[in-house]
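Numbers restart at 1 for each chain; the letters A, B, ... are given by sequence-line order, proteins then strands.
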2 protein chains.
Amino acid sequence: MKLKEFARQLGLSPTTVSRALSGYPEVSEKTRKRVAEEAVRLGYRPNINAVRLVTGRAGAIGVVMGRTGEFHFAEFMSGMAERLDGEDIDILVSPTTDRDLTDQVPLYGRLATSGRVDAVIVHSPKPNDERIALLHELGFPFLLHGRSETDVPHAWLDIDNESAVRRATSHLLDLGHRRIAMINGPEGRTFSLHRDKGYRDALEDRGIPFDPRLVTHGHFTDELGFRFARSFLEQTPRPTAFVAGSMMTALGVYRAVRSRGLVVGRDISVIAHDDVFPYLTADNMVPSLSATRSSMRAAGARAADLVLQLLAGRPATEIHELWPVELILRESTGPAPREAQS
Amino acid sequence: MKLKEFARQLGLSPTTVSRALSGYPEVSEKTRKRVAEEAVRLGYRPNINAVRLVTGRAGAIGVVMGRTGEFHFAEFMSGMAERLDGEDIDILVSPTTDRDLTDQVPLYGRLATSGRVDAVIVHSPKPNDERIALLHELGFPFLLHGRSETDVPHAWLDIDNESAVRRATSHLLDLGHRRIAMINGPEGRTFSLHRDKGYRDALEDRGIPFDPRLVTHGHFTDELGFRFARSFLEQTPRPTAFVAGSMMTALGVYRAVRSRGLVVGRDISVIAHDDVFPYLTADNMVPSLSATRSSMRAAGARAADLVLQLLAGRPATEIHELWPVELILRESTGPAPREAQS
DNA sequence: GCTTCGAGCCAAATCGTTTTAAATTTTTGT
DNA sequence: ACAAAAATTTAAAACGATTTGGCTCGAAGC
């Protein structure tokens with residue numbers, strides 16, 4: 001059923017019908033109601049592609065998905081989906097096999113200029129991210145999930161990684177730990193730098209010297225968690241506490257600790273960052289995992305919301321949101337063992 | 001830059017330019033080459049929405065994403081992305097907050113009739129799935145990831161869950177286990193039924209009676225893995241082996257076993273299904289996890305491929321793929337403890 | 001009582017392509 | 001060298017909506 005035919009059946013012009021359905025003011029309330037009802041009854045719905053052509057709007061928010069199987073990603077998207085349900089806006093996932101961020105830049109360019117999306121969400125930026133520069137240059141609306149240090153004005157949503165890690169580290173220091181190892185995220189990403197800063201600042205507050213041998217970087221996998229933790233535990237003196245970048249990392253750390261015949265929460269304390277996954281909960285681990293916590297799903301929902309605001313005309317420069325992170329203490333953190341204290 | 005302007009600059013008609021770029025045969029090779037080169041040089045790209053309007057094609061494959069944070073989902077999509085890279089086809093994720101499958105049916109209807117996608121992928125079907133019936137009725141192309149028992153002809157891709165679980169169970173029986181508990185997926189889904197059948201058949205082959213107290217159903221979370229395993233271990237006589245539905249479930253099972261002071265691989269054997277996640281590998285678990293294994297990412301890539309074939313005109317009735325599942329034995333399975341053997 | 005105004009509706013232009021059907025040019029056969 | 005056939009190219013008609021600008025008609029202003 002097309003507009004023309006539908007309008008004919010109603011005895012109205014296509015113009016009026018279109019306006020009635022779009023909620024324009026110059027159509028009488030009575031007519032609008034009739035049109036709306038008949039549209040449902042006769043099953044008329046505007047052809048989306050015609051609408052897109054004439055309005056220039058795409059009705060979708062773009063997200064680039066790399067080949068790294070980011071488990072966070074699904075949660076974030078699920079949050080977006082939650083917010084977008086009923087909004088008549090979809091999520092368009094643009095495939096890429098490029099591992100390196102820089103190689104992905106042209107893809108963002110194509111996505112922005114292709115007319116397939118109205119805005120994009122940029123994830124895990126570097127401090128000086130080419131994607132941001134490009135999108136700004138193109139004048140294309142985007143929301144940054146994370147932060148960068150560029151002076152290009154833009155909308156962003158981030159969690160306070162720095163403060164989270166600073167508090168986590170401070171807490172370990174309070175418990176008497178002095179050699180605290182950190183398994184951070186991929187090198188070069190802003191959030192990794194923020195976490196690094198939080199870690200260093202906490203040490204500095206107590207006048208404890210920073211030891212580069214206690215910090216590593218890498219993707220959030222159980223494998224790296226295990227390998228890094230194993231190698232840390234071979235040091236003498238060995239660290240008595242770990243700050244882990246993710247739940248998966250924490251799983252690896254737990255295993256490494258156990259494989260050395262040590263006990264998490266007694267011999268070795270562990271704090272990790274928890275994005276709150278429905279399928280893997282810090283509270284259920286044994287021992288339960290102390291964590292800095294912030295819901296990835298909530299971030300996705302809010303991100304979608306902010307993008308909608310952006311598209312509605314709210315200036316990007318107004319959209320800056322820094323979320324606090326909870327620190328939840330459970331059984332995996334305890335006083336530093338006596339013999340290890342200085 | 002629009003077609004008209006671009007054509008004018010080339011001294012050709014819009015028609016010829018359009019044909020040249022779309023690779024139609026009735027344009028000379030020389031002209032085609034010139035057009036292609038100039039398009040790159042001048043940066044001309046057809047307006048996607050105009051193309052969509054006139055061709056009726058959407059250039060996207062639809063996927064419905066519920067609010068259950070399925071960690072498999074990201075891997076599957078990532079596989080799709082891998083195959084779709086360079087194809088000029090996107091993945092359109094349609095949000096829903098409806099938990100129940102039946103409630104999602106109208107969404108599939110809207111998606112199919114909205115013109116936003118050319119085909120959809122339907123996940124985790126029930127044996128008699130309303131979504132399949134609807135899509136068939138609408139004559140809309142779709143690929144089923146999983147299987148159903150409907151007589152509606154349709155394309156599908158599935159892994160051989162039944163055989164996988166039968167072999168896993170048989171192997172445990174070979175090792176002398178007699179009380180084998182199974183933590184299956186959500187009730188009602190075809191794959192859960194297939195796994196159930198594989199489990200029962202293996203028992204039947206040895207003349208071992210089926211005990212319903214040894215089977216549970218639920219989502220794939222560490223929490224359920226833990227809770228179910230705990231409660232199984234409270235039975236007397238307790239099971240000596242577990243077949244777990246997922247890696248997350250297995251994590252829970254490991255914890256439950258340890259929390260009872262038992263040792264995985266010695267006191268209790270565990271086999272789980274592994275979808276092959278980059279961030280959580282069966283081989284790295286301690287003890288390493290015996291698993292039935294099939295790559296979710298590969299399935300996503302193949303699914304995208306099959307959808308492409310479907311859209312290219314290959315009959316849906318020809319597209320049936322049943323993937324074998326590897327059984328990989330590691331340290332988590334061992335002989336049944338003496339005292340437990342009958 | 002005549003003009004002005006606004007509410008409500010409509011005809012036609014527009015968005016930027018693809019594709020049908022026809023026109024032109026080039027090649028081929030004799 | 002000429003007609004017929006084949007190879008290129010093109011003008012114009014879709015595709016299905018939104019939107020500009022204009023039209024009609026009754027109410028309000030004076």
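Atom CZ of R57(A) and atom C1' of dA17(D) are 12 Å apart (whole Å). Atom OH in Y24(B) sits roughly 17 Å away from atom P in dT10(D) (whole-Å rounding). Summarising the geometry, the separation between CZ on R52(A) and C1' on dC15(D) is reported as 15 Å, rounded to the nearest angstrom. Nucleotide dT8(D) holds its P atom 10 Å from the CD atom of E26(B), rounded to whole Å. Put simply, CG on L53(B) is 9 Å from P on dA17(D), counting in whole angstrom units. Distance R19(B) CZ to dA11(D) P: 13 Å, rounded to the nearest Å.
The shortest non-hydrogen separation linking S124(A) to F191(A) is OG-CE2, 4.2 Å.
No hydrogens or angles considered: nothing links the side chains of R45(B) and S114(A) as a donor-acceptor pair under 3.5 Å. No hydrogens or angles considered: nothing links the side chains of T190(A) and E149(A) as a donor-acceptor pair under 3.5 Å. No side-chain N or O of S18(A) forms a donor-acceptor pair with one of T15(A) less than 3.5 Å apart.
Across dT9(D), dA12(D), dG16(D), the shortest atom-to-atom separation from the side chain of T15(B) is found for dA12(D).
Ring geometry for W156(B) against H320(B) counts as parallel: the plane angle stays under 30°, on a 0 to 90° scale with 60° as the upper cut. Ring-plane geometry between H123(A) and F76(A) is classed as perpendicular, the angle between the planes exceeding 60 degrees on a 0 to 90 degree scale with a lower cut at 30.
Sequence order on DNA chain C of the closest nucleotides to R45(B) and T31(A) puts T31(A) first from the 5' end.
Without hydrogens or angle criteria, R52(B) side chain to A58(B) main chain gives a donor-acceptor distance under 3.5 Å.
Close to dA17(D), at under 4.0 Å from its OP1 or OP2, lies a side-chain N or O of Y44(A). Within the 4.0 Å cut-off from OP1 or OP2 of dT10(D), at least one side-chain nitrogen or oxygen of T16(B) is found.
For DNA chain C, the span of nucleotides reached by chain A at under 4.0 Å from its heavy atoms goes, 5' to 3', from dG8(C) to dG16(C).
As judged by a 4.0 angstrom heavy-atom cut-off over every strand, L12(A) is placed among residues touching the sugar-phosphate backbone only.
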